[in-house]
Amino acid sequence: MTVFETKSANQTRQKAAELAKTLKKGSVIGFLGDLGAGKTAFTRGFVEGLGIKADVSSPTFAICNDYIGEESRVLHYDMYRIDSWDDLYSTGFFDSLDSGAYILVEWSENVFGALPEDALIIKIDKLDENERRFSLMNKQEAEELY
């Protein structure tokens with residue numbers, strides 16, 4: 001497990017941009033974290049790190065936001081309201097796994113069983129108004145912790 005802390009939303013975006021440059025296309029990231037933890041801020045930095053110019057926002061109502069760049073694509077899911085396998089199928093999530101896009105999943109605990117075994121899980125803890133702790137682990141490590 002890798003752990004790092006940030007002291008601002010800007011630092012969070014910078015760390016996410018750095019991570020984006022190290023992952024292969026088609027990587028899946030599942031986020032664990034409460035409301036306001038920084039999941040969307042992290043996604044914003046990740047998208048920026050891939051050189052995609054986009055207005056990144058929470059996909060709460062859309063379920064999935066699609067950010068397309070010249071060389072990369074990011075599918076940003078919010079699974080907060082997903083309660084069943086039928087709900088999950090209706091999002092197009094399973095089709096996206098073969099798209100070659102980076103897939104970032106907020107509220108991944110709601111669909112944990114559907115995440116690929118090689119998914120990167122990022123647990124975000126809100127330490128105070130600006131500071132965050134990010135714990136990066138593989139799916140098996142996350143299963144053992146939860």
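Residue numbers count from 1 along this sequence.
The cluster map of Ile, Leu, Val, Met, Phe, Trp and Tyr, joined by side-chain heavy atoms under 4.5 Å apart, puts Phe134 and Leu23 in the same cluster. Cluster membership check: Ile121 shares its hydrophobic cluster with Leu88, using side-chain heavy-atom separations under 4.5 Å among Ile, Leu, Val, Met, Phe, Trp and Tyr.
At distances below 3.5 Å, at least one donor-acceptor pair connects side-chain atoms of Thr12 with backbone N or O atoms of Ser8.
Looking at His76 and Thr40, their side chains come closer than 4.5 Å, going by heavy atoms from C-beta outward. In this structure, Ile63 and Arg81 have side chains that are in contact, with non-hydrogen atoms separated by less than 4.5 Å.
Minimum interatomic distance between Asn65 and Ser57 (heavy atoms only, all atoms of both residues): ND2-O, 2.9 Å. Between Met79 and Thr91 the shortest heavy-atom distance is CE-OG1, 4.3 Å. For the residue pair Ser58 and Glu106, the shortest heavy atom distance occurs at OG-OE1, 4.2 Å. Residue Leu115 comes nearest to Ser108 through the heavy atom pair CD1-CB, 4.0 Å, listed as atom of the first residue, atom of the second, then distance. Residue Val3 comes nearest to Ser135 through the heavy atom pair CG2-OG, 3.8 Å, listed as atom of the first residue, atom of the second, then distance. Smallest separation of non-hydrogen atoms from Lys7 and Asn130: O-CB, 3.3 Å.
Residue Leu120 holds its CG atom at 9.0 Å from CE of Met137, rounded to the nearest 0.5 Å. For the atom pair Leu32 CG and Ile122 CD1, the distance stands at 9.5 Å (nearest 0.5 Å).
The aromatic rings of Phe94 and Tyr89 are tilted relative to each other, their planes meeting at an angle between 30° and 60°.
At a cut-off of 3.5 Å, with distance as the only test, no side-chain donor of Tyr67 or Thr43 sits close to an acceptor on the other residue.
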inquiry  = With side-chain contact (heavy atoms from CB on, under 4.5 Å) as the criterion, how do Ile82 and Tyr77 come out once you've worked through the C-alpha distance, each side chain's angles and the decisive distance to 0.1 Å?
reply    = CA-CA 11 Å; Ile82 302 303; Tyr77 284 92; over 6 Å; no

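A cation-pi contact, defined as under 6.0 Å to the ring centre and within 45° of the axis, is absent between Lys15 and Phe42.
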